[in-house]
There are 2 protein chains.
Amino acid sequence: MPKNKELNEKLKDERREQILSTALMLFASRGLAATRITDISKAANISQGLLYHYFSSKEEIFVKLMETAFEKLNEACRWLEAQPMPPDEKIRFAIYELLKLLEENPNAARYHLLIAQSAASDSIPDEAKDIIRREYTYPYEVIARIITEGQEAGTIKKHDANQSALVFWSAIKGLAIYRAVHQDTFIATNPEILCSIFLEDIKKDML
Amino acid sequence: MPKNKELNEKLKDERREQILSTALMLFASRGLAATRITDISKAANISQGLLYHYFSSKEEIFVKLMETAFEKLNEACRWLEAQPMPPDEKIRFAIYELLKLLEENPNAARYHLLIAQSAASDSIPDEAKDIIRREYTYPYEVIARIITEGQEAGTIKKHDANQSALVFWSAIKGLAIYRAVHQDTFIATNPEILCSIFLEDIKKDML
DNA sequence: GTCTATATCCAGATAGAC
DNA sequence: GTCTATCTGGATATAGAC
């Protein structure tokens, strides 16, 4: 019966998602190498053997998570760039949304941490390295382009656009890491602090 | 002969330093768990067995490096706070010096990366966790104090001081990580981009 | 002090029963 | 699909020769 098969497929997908989410938490807090396959299976309440019915190795889980991390991030960047907003509003909007996401969604911070860890690490699967090579620079490029536009319009401060984009993502990633680490004692950050790096302050009293 | 003994001690110390520096490079690029003891001994051109004459475990090496990382960072913060400068100059000075250090000294970036990795990781030795608990917040406190002083003097922007300190170190750490990862293609960052987060721009034309 | 060889342990992955 | 038991490999740490 195809009905039953479909249901089974869906259950399998759900189980996969559950494993992935568990693994994300563990990879973010311990790293790939220090996370044992038994840690994942225990945290997901399944036996070690069963895990291999869903994924063929620890590395496969890791690579899948990396793919998802970049899909989400780069899709958001693509979306941002396509919005019909003036460039300075795009920057402000991006900062507000990114900070809100970090505060509200622990997994979002974990994805950033995963990317940061992996980008900094030689000891990840080759496939993950390829993904980083392909996908890593896109967010930097998008922000640099928006900044350049804004500079032409006179609404964004005239620092070098590539350097500004680097500072943009360094600050966001730095905050994401802080947030992932200090889940409990995390202080929400006023987005305007970050905005003031990039935006000309037309209204001084907004601060 | 005490002369010979002294010389031997010095040679031993040098060898220890060499091992530590090698391990720092490897830990920064692969993480603690993924760095094998043989990787360290190979990179330091000694046998695996010999390494155990200098350190009793991989963890001991790691903890020693963590201690050094915080000693350097916190000593610099203590020094900065004690300088007879107005607070806004302290912030500008700190940003210039930190960025210069990151550009010129790969090990400095690696120490930051080590701290960031470790703070984010559950899978480090308990002793290292203790060090982090004791030492981690000090740099944030110093910067927050300086910012508060500057706000009273009217030379530093009036965002929440703790949040500003968090952004300060997030940006620095984010850049340090980027620098440690992209040794080759690293773009030097104009310190004024970061200064503009904190300092009231009295002279608009300085930018 | 330095090396090579070895003991021990533990994690990843597989096999086979239910 | 799910579990338990087992195989295998590799990494840490030690022992012992030089």
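Chain A is the first sequence line, chain B the second, and so forth, proteins listed ahead of strands; every chain is numbered from 1.
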> Would A:E6 and A:E9 satisfy side-chain contact (heavy atoms from CB on, under 4.5 Å), going step by step from the backbone distance to the final call?
Replying inline: CA-CA 5 Å; A:E6 221 173 275; A:E9 280 299 309; 5.6 Å; no

>> Distance under 4.0 Å to a non-hydrogen atom of chain B counts as contact; along DNA chain C, which nucleotides mark the start and end?
In response: C:dG1 to C:dT4

> Is a side-chain donor or acceptor of B:S21 paired with a backbone partner of B:Q18 at a separation under 3.5 angstrom?
Replying inline: no

>> Treating primed atoms plus P, OP1 and OP2 as sugar-phosphate and everything else as base, which nucleotides of nucleotides 7-13 of chain D get B, S or - for protein heavy atoms under 4.0 Å?
In response: ----SBB

Let me have the donor-acceptor pairs involving side chains of residues 170-180 of chain A, under 3.5 Å, with sequence neighbours excluded, atom names and distances please.
unit_1: A:S170; atom_1: OG; unit_2: A:L166; atom_2: O; d: 2.7
unit_1: A:R179; atom_1: NE; unit_2: A:L102; atom_2: O; d: 2.4
unit_1: A:R179; atom_1: NH2; unit_2: A:E103; atom_2: O; d: 3.0

>> Looking at A:Q117, is its backbone amide N or carbonyl O close enough to the side chain of A:S121 to form a donor-acceptor pair, meaning the two atoms are under 3.5 Å apart?
In response: no

>> For B:P86, give me all partners under side-chain contact (heavy atoms from CB on, under 4.5 Å), at least two apart in sequence or on another chain.
In response: B:D88, B:E89

> Is the number of heavy atoms from other residues, nucleotides or ligands within 6.0 Å of CD (B:E127) greater than 12?
Replying inline: no

> Which residues satisfy the side-chain contact (heavy atoms from CB on, under 4.5 Å) test with B:R30, sequence neighbours excluded?
Replying inline: A:D122, A:S123, B:L26, B:A34, B:T35, B:R36, B:D39

> Can you list every salt bridge (charged side-chain N to carboxylate O under 4.0 Å, His left out) pair that touches residues 10-24 of chain B, not counting sequence neighbours?
Replying inline: none

>> Students often get this wrong, so: under 4.0 angstrom with heavy atoms, is B:F55 touching a base, only sugar-phosphate, or nothing?
In response: nothing

